[in-house]
Amino acid sequence: MSKTIPWRSWLLLAALSLVLFTITASTFSSLGVVLPAMIKELKWSFGWAFFGFTLLGAFCGASSWLPAILIRKVGVRGTIVAGSAVMVAGFACLAAARGLAIYLAGTALLGVGYQMMALIPGTHVLSMLFKKRALPFGIYFTIGSLGGVAGPWMALTGMQMAHGAWRPYWAMQAAASIGVGALCAALVGGRAWLAAAAVDTDKAVAEDAKTAPADARVYRTTTDWTVKEALATPQFWVILAAYFAHLLGGVTAVSLAPSHFSELGVVSAVAVSAISLESLMQVAARLGGGLIGDRVDPRWLLAGAQGMMAVGLLALGHAATWPLMMLFAVGVGVGFGMTVLAVSILLLNYYGRKNNLEIFSLVCLVGAVSALGPVIGGVMRDRLGGFAPTFQLFAAVIGVIFVAALFMRPPRKVAHVEPVAEPASSMLSDAV
């Protein structure tokens, strides 16, 4: 078996990051910008139009089992190609929409395609190629976050190029999905190359474990856990709860913040600035987490992210002044951005590489439930007269998870535990 070619690994990281950037920008970050034009032309109600957001998020979370099954059966390349086809079908539905049924079907397809092309295949491949994974994971998630920043501007520019028409914009995104999907599929290689790369990575990790200095040791299991074994540990449920909470709090905050700021009397330009800063803090958190993830136990990253998210939500409840708005932007932005990175590393460190695909997919399933956050916020607003109680409730839930993460210790199979050096990211190496 040939050794993993470093330049090819980094080139593939660039391609996977481009895929995540493109589909994040063209789906979640573009839909809200394009929808007003669609509503105006097609005379839809706002309620049904924005229900497309719920379907997009729900299908993205609920379909997380699908990429894992496809990767095991047809490989990463086949899964990415299939995901690209699903994305094209979704964008085609949006471009051709004359009624709500086609539009809603399109958003559901985009949710499924997003999962097939992005998070699960991306983290799976990166864990197979890199011995130290915090930096590659950080780069991957950082570039994906930049898609969230660029998406609204991309949508505005695309519609301006089409003289205000929105159908050509969705057609352009279908073409972009074909392009990035083909590029990534070409670079990812076949099963044999990825398998050889994973073997080389595992050997390098094992060698590092043997030569680890005695004064810098932490415990890591040297055997892979099965899905059933992982589900039997409380650490898995803490990690899953953290992933659920970061989606619940982050998505709800960003969805309700514009209306909440308006009710607090905050000028719209100031409100938009605070929300944009929150997106930029996600980018900074993921990049920073990638840089320090090989030196810091990711448990501290997870606990810190949950604590900051809780503080940010509490600040948002009364964010009528700049200091509180900045606290919201930094707290929610860093908490949201750092959690997914910490979760990805911890799952690899605690349960190994062999079954990480299925274990991570199970964690992603909770994204479907978290899509209810904005709905809960709307119902509480109608009954309680404001959005602050929603933010306070979610902050309390996240606070409990913060405490659990703070005291969490690695699960151990007593008969298969060995001390190794690298606190966080080396453990990440098992991920593939």
Side-chain angles (χ1 to χ4, degrees), residues 8-31 34 56-57 59-61 63-96 105-129 136-137 139-148 150-151 154-155 158 167-194 197 357 360-361 364 367:
R8 184 172 177 180
S9 298
W10 288 101
L11 188 61
L12 186 52
L13 168 61
L16 290 167
S17 299
L18 179 62
V19 169
L20 185 58
F21 173 92
T22 302
I23 64 175
T24 298
S26 61
T27 54
F28 290 98
S29 297
S30 287
L31 186 57
V34 181
L56 177 62
F59 273 82
C60 186
S63 65
S64 62
W65 54 271
L66 182 58
I69 293 174
L70 288 175
I71 288 171
R72 296 300 190 199
K73 289 186 176 295
V74 302
V76 176
R77 175 181 282 170
T79 302
I80 291 174
V81 170
S84 180
V86 174
M87 291 292 290
V88 169
F91 285 125
C93 286
L94 264 60
T107 58
L109 285 169
L110 291 178
V112 176
Y114 185 103
Q115 200 68 277
M116 292 171 68
M117 289 188 75
L119 218 55
I120 293 171
T123 54
H124 178 64
V125 170
L126 293 180
S127 66
M128 300 176 79
L129 299 180
F137 274 47
I139 292 171
Y140 177 66
F141 289 127
T142 296
I143 295 176
S145 294
L146 286 172
M154 193 169 76
R167 295 183 192 276
Y169 177 73
W170 295 128
M172 285 189 283
Q173 298 317 305
S177 295
I178 294 174
V180 297
L183 173 65
C184 198
L187 289 174
V188 78
R191 287 183 167 183
W193 182 77
L194 282 175
L357 186 59
F360 186 64
S361 298
C364 290

Stepwise side chain to side chain contact (heavy atoms under 4.5 Å, CB included) test for Trp10 and Leu129 | CA-CA 9 Å; Trp10 288 101; Leu129 299 180; over 6 Å; no
Go through the steps for Trp193 and Arg8 under the test side chain to side chain contact (heavy atoms under 4.5 Å, CB included), then give the verdict.
-> CA-CA 11 Å; Trp193 182 77; Arg8 184 172 177 180; 3.4 Å; yes
Could you go through the side chain to side chain contact (heavy atoms under 4.5 Å, CB included) check for Phe91 and Ser26 one step at a time?
-> CA-CA 9 Å; Phe91 285 125; Ser26 61; 3.4 Å; yes
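Separation of atoms CG (Leu70) and CG (Leu357) is listed at 10.0 Å; rounding is to 0.5 Å. Here the SG atom belonging to Cys184 is positioned 5.5 Å from the CG atom belonging to Leu12, to the nearest 0.5 angstrom. Note that CG of Leu183 is 7.5 Å distant from CG of Leu11, once rounded to the nearest 0.5 Å. In this structure, CZ on Arg72 lies 9.5 Å from CZ on Arg191, to the nearest 0.5 angstrom. To the nearest 0.5 Å, atom CG of residue Leu66 and atom OG of residue Ser361 are 9.5 Å apart.
Side chains of Leu109 and Phe59 form no contact here, defined as non-hydrogen atoms less than 4.5 Å apart. The closest side-chain heavy-atom distance from Met154 to Tyr169 is below 4.5 Å. In this structure, the side chains of Leu110 and Leu94 come closer than 4.5 Å at one or more pairs of heavy atoms. Annotation: side chain of Tyr140 is not in contact with side chain of Val19 (no heavy-atom distance under 4.5 Å). The side-chain heavy atoms of Phe141 and Leu119, taken from C-beta on, include a pair separated by under 4.5 Å. In this structure, the side chains of Val112 and Cys60 stay at 4.5 Å or more apart for every pair of heavy atoms.
Nearest approach of Gly106 to Cys93, heavy atoms of both residues: CA-CB, 3.5 Å. Taking all atoms of both residues into account, the shortest heavy-atom contact from Ser30 to Ala155 is OG-CB, 3.9 Å. Of all non-hydrogen atoms in Leu20 and Thr24, the two that sit nearest each other are O-OG1, 2.7 Å. Across Ile23 and Ala118, no two heavy atoms sit closer than the pair CD1-CB, 3.5 Å.
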Check: residues 78-88 side-chain donor-acceptor pairs under 3.5 Å, at least two apart:
unit_1, atom_1, unit_2, atom_2, d
Thr79, OG1, Ile71, N, 3.3
Thr79, OG1, Gly75, O, 2.8
Ser84, OG, Ser177, O, 3.0

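With Ser17 as reference, Ile143 is the one residue of Leu146, Ile143, Thr22, Leu126 to meet the side-chain contact (heavy atoms from CB on, under 4.5 Å) rule.
Taking Ser64 as the reference, Gln115, Ile120, Cys364, Leu365 meet the side chain to side chain contact (heavy atoms under 4.5 Å, CB included) condition, with sequence neighbours excluded. Here Tyr114 pairs with Phe28 under the ring pair (Phe, Tyr, Trp, His ring centres under 6.0 Å) rule; sequence neighbours left out.
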